[in-house]
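Notes follow the structure.
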Amino acid sequence: MEKFLLIDGNSIIYRAFFAMQQPMTTKSGQHTNAVYGFTNMLIRLLEEEKPTHVMVAFDAGKITFRHTTYGDYKGGRQKTPPELSEQFPLLKELLTGLGITYYELDTYEADDIIGTLSRTAEEKGRNVLIVSGDKDMLQLASDHVKIALTRKGVSDIEPYGPAEIEERYGLTPAQIIDLKGLMGDTSDNIPGIPGVGEKTALKLLHQFGSVEEVLANTDQLKGKMKEKVEAHADDARMSKELATIFRDVPFDATWESMKYDGFNPVTSIVALRKLEFNSIIQRLNLSELDGEDLHDPAQVEASELEVTIVGEEQLPELEKVLNTVEVLHIESHGDNPHHAELVGIVLSAPDQYYFMTPETLLSEGAAGVRAWLADGSIPKHGHDLHRADLVLHWIDIPFAGASFDVQIAAYLLDPTESGQSLNALGAKYGLPHMPEDETVFGKGAKYKVPEEEILSHHLARKTAAIRELVPLQREQLEQNEMTSLFDDLEMPLSRILADMEKQGVAINTDELRELGKEFEQKINVLVTEIHGMAGVEFNLNSPKQLGEILFDRLGLPVEKKTKTGYSTSADVLEKLAPYHDIVQLILVYRQLAKLQSTYVEGLLKEVHPKSGKVHTFFRQTITATGRLSSQFPNLQNIPIRLEEGRKLRKVFVPSESGWSILSSDYSQIELRVLAHMADDPGLKDAFLHDMDIHTKTAMDVFGVTKEQVDGNMRRSAKAVNFGIVYGISDYGLSQNLGITRKEAGDFISQYLEVFKGVSRYMDDIVIEAKKDGFVKTMLERRRYLPDINSSNFNLRSFANRTAMNTPIQGTAADIIKLAMVHMDQALKDHKLNSRMLLQVHDELVFEVPANEMEQMKKLVPEVMEKALSLSVPLKAEVSYGANWYEAK
DNA sequence: CACATCACG
DNA sequence: ACGTACGTGATGTGC
């Protein structure tokens with residue numbers, strides 16, 4: 001017998017929140033008590049009720065059709081405390097992990113979704129249990145539908161059917177709305193008839209039966225009661241209407257998608273760990289599963305999609321419909337796309353999904369499909385097409401024409417939530433639940449491609465999800481005025497990045513190994529010396545052992561502690577240097593060890609066997625601010641600040657003889673952006689006259705002439721400028737400059753006194769963030785700040801600083817991305833052979849043939865400076881040489 | 001797998 | 001009073 005468990009998500013999470021008042025947070029300070037209470041109740045319900053299908057319904061949290069009817073609907077309701085509203089996304093993420101479907105729908109409340117689902121379920125003869133804290137739900141009761149109302153928080157539930165309602169109220173389920181019509185509901189601001197409470201309302205209903213009958217027979221009432229009922233007849237009618245659950249919501253999730261047959265162990269563990277719900281992991285016996293083989297494609301069912309497994313015979317049929325294909329999915333395995341393996345590909349025609357193995361795609365008969373993939377004039381929609389492009393590249397299949405990437409769209413719509421699976425992404429839009437990749441493939445060493453039937457359906461499901469997502473995301477991008485950011489910046493950039501990555505950077509490995517030998521010798525000498533001074537051999541790479549030597553054995557003063565013991569970080573060691581000669585040696589050792597392991601050994605490991613170059617992977621959908629990040633290897637953090645490390649840049653060389661490396665970097669781009677955005681006269685003036693900004697800041701803050709600014713004053717001013725960009729705090733500045741908090745505070749107030757525009761900007765941006773819930777860059781890139789109104793001081797302060805920093809850092813990121821798109825075009829327009837290789841946040845690196853150098857050294861900075869027009873000039877400085885070191 | 005550390009902008 | 005600078009990725013240790 002099928003049994004449907006329907007949970008009123010909003011109602012239960014509220015109950016759980018107020019029932020569990022002891023605070024409960026993750027290590028990072030995220031409140032989790034309501035999610036925890038909800039989860040415990042959910043598990044108990046699943047164990048006790050053993051439903052076959054489950055669904056959690058949420059209010060979409062915006063305007064519902066009831067507001068349109070009655071403006072004051074829910075008007076009297078207290079604002080949801082931020083500690084609770086923070087937890088809604090956590091709960092939804094957890095439900096996704098547990099494999100429990102949830103649903104929310106604009107303009108309807110959870111009640112209406114539940115009402116609709118319970119109606120359709122009972123029409124099909126299924127038994128339904130609704131769980132809610134809201135008595136209104138009782139109107140839905142019937143022979144097949146029971147309502148479990150929570151009592152005493154969430155620990156105790158009490159199922160109501162028609163009989164129980166009759167016993168408790170003497171009413172039928174349908175009369176519950178009449179009850180509410182008469183008595184109203186203060187929590188929803190439904191008025192009812194003033195002075196009529198539950199007792200009176202029940203008496204009236206027992207006598208007359210319904211609101212309409214009461215109103216039609218007011219002649220049988222007397223005195224005050226008669227007056228009140230007659231005076232508020234309209235209120236009563238409207239209240240009844242408001243209390244009536246709408247049972248015909250347009251709803252497209254399938255019965256199948258709500259099926260429940262136990263939690264998915266893999267994704268459940270992941271989701272529960274993230275919330276640090278270790279007791280629940282134990283309770284579900286999931287901890288034991290850690291070591292077991294979680295790879296179980298058997299639990300993946302075939303989808304209802306029409307999937308053709310394309311072999312040699314089906315290729316002609318596929319070619320015939322290729323012109324109708326727009327959506328595709330390319331599945332690969334491996335984090336590093338330059339080494340990842342192609343697993344399969346699905347093309348979606350209007351009503352048919354075509355699956356191909358890598359072998360089929362590479363076969364002779366698939367030449368037409370490959371030509372289609374390579375045709376840049378054919379627009380293609382997919383998920384992480386940038387990665388797909390690289391995977392195909394290494395098996396010599398060109399790819400072009402990416403026009404809508406749902407991963408990039410998701411990133412722009414919310415950059416902090418983009419690491420999501422297609423399943424999680426789909427869930428946000430009410431798409432049917434599908435198995436996670438981990439379930440289908442297993443994870444880590446247990447990864448295994450399942451049989452074709454399962455694989456093809458899984459990939460087809462992902463393709464189907466992409467299909468559904470594209471129009472929905474397109475609409476949201478339009479609403480947010482982000483279409484240009486998406487179509488004209490990020491999508492074109494995605495292809496440019498792939499080109500840069502395929503090109504790679506040549507490395508002089510002989511010279512790198514030579515450097516490695518130098519470092520090794522120095523390291524060996526240092527280790528011997530340090531062990532000698534310590535009087536014992538120990539692992540210098542272990543902060544724990546090092547801490548014991550320094551603080552226990554040598555008795556140096558403890559400056560700072562970490563949560564696991566003594567801190568031995570560089571800033572601590574620098575303060576200890578005067579006490580013992582060993583400290584300086586440790587600092588030098590640390591520096592060299594870092595260079596050796598990360599840069600010499602690390603870089604050598606990344607040289608690609610097929611090209612002999614290093615091919616980084618720029619990630620476009622990671623950072624919260626809009627910057628890129630770089631992986632495998634990270635080429636955005638190659639040493640430069642200290643000479644010893646800077647030498648490493650000598651091994652980054654042009655890939656063809658006679659060519660040079662050219663680098664061009666923005667000068668003070670963030671402060672220029674700030675000058676523009678804050679419209680600060682002093683700051684703008686400084687840049688309009690191309691002054692040294694730190695000296696200028698020192699002059700204004702200390703009230704001295706240019707000649708009076710000494711090195712120390714400039715250093716302080718520079719730190720203040722950094723602080724301003726980061727969202728300043730006196731403590732942060734004091735740490736940076738090694739001064740007291742008071743002194744730092746004085747610097748800051750002096751600065752804000754001089755640069756009044758900046759001061760106003762910082763105030764305004766925080767106000768804007770509190771009002772909108774997000775901040776924007778000049779190109780409309782967004783970042784949401786859910787903690788901006790938190791009552792947790794730490795979270796709120798962090799959100800405030802982020803509000804100040806993100807528009808600045810993000811606009812700078814917008815600008816260099818624009819410059820990259822323009823530069824790519826300029827190289828084509830001028831028919832240049834020079835190649836763009838790297839982006840390092842404010843710097844672009846090229847390799848340039850000798851005969852193009854004169855042109856390039858003018859063109860690159862010019863394009864960068866013209867990328868976006870601000871009220872201050874942008875400035876880019878160019879340099880070039882035989883390698884990246886020389887191009888400084 | 002979390003943590004500490006340190007490389008960059 | 002609260003305890004922090006903003007944004008990343010790679011490495012080694014140790015539970």
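A note on names: the letters A, B, ... follow the listed sequences, proteins ahead of strands, and every chain is numbered from 1.
Between A:Glu670 and A:Arg627 there is a salt bridge, since a side-chain N of the basic residue sits under 4.0 Å from a carboxylate O of the acidic one. Ionic pairing of A:Asp571 and A:Lys575 is not present here: no N-O contact between side-chain nitrogen and carboxylate oxygen is shorter than 4.0 angstrom. A:Glu490 and A:Arg781 are joined by a salt bridge, as a carboxylate oxygen and a charged side-chain nitrogen come within less than 4.0 angstrom of each other.
Of the residues in residues 594-602 of chain A, those placing a heavy atom less than 4.0 Å from an atom of DNA chain B are A:Lys594, A:Tyr599, in numerical order.
Rounding to whole angstrom units, CZ of residue A:Phe538 and P of C:dT13 are separated by 13 Å. Straight-line distance from the CG atom of A:Leu635 to the C1' atom of B:dG9: 14 Å, rounded to whole Å.
Open room surrounds CG on A:Asp335; 12 or fewer heavy atoms of other groups in view lie less than 6.0 Å from it.
Remark: the separation of the P atoms in B:dA7 and C:dC2 is 32 Å, to the nearest Å. Separating the P atom of B:dC6 from that of C:dA5 is a span of 15 Å, rounded to the nearest Å.
Residue A:Asn539 is in sugar-phosphate contact alone, with no base atom involved, counting any heavy-atom pair closer than 4.0 Å across all strands shown. Among the protein residues, A:Gln545 comes within range of the sugar-phosphate backbone only, with heavy atoms under 4.0 Å from sugar or phosphate atoms but none that close to a base. Nucleic acid contact class of A:Arg590 (heavy atoms, under 4.0 Å, all strands): sugar-phosphate only. Within the nucleic acid shown, A:Ile640 comes within 4.0 Å of sugar-phosphate atoms alone, with no base atom in reach, counting heavy atoms only.
Note on A:Thr568: a side-chain N or O is less than 4.0 Å away from OP1 or OP2 of B:dT5. Between A:Ser567 and B:dT5 there is a side-chain polar atom (N or O) within less than 4.0 angstrom of OP1 or OP2.
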DNA chain C in dot-bracket, Watson-Crick or G-U pairs under 3.5 Å, [ ] crossing, | other strand?
.....|||||||||.
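Of all the heavy atoms in A:Val600 and A:Leu512, the pair that sits closest is CG1-O, 3.8 Å.
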Per-nucleotide protein contact along nucleotides 3-8 of chain C, 5' to 3', at a 4.0 Å heavy-atom cut-off (B base, S sugar-phosphate only, - neither), is BBBBBS
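Comparing B:dG9, B:dC1, B:dT5 against the side chain of A:Lys443 picks out B:dC1 as the nearest.
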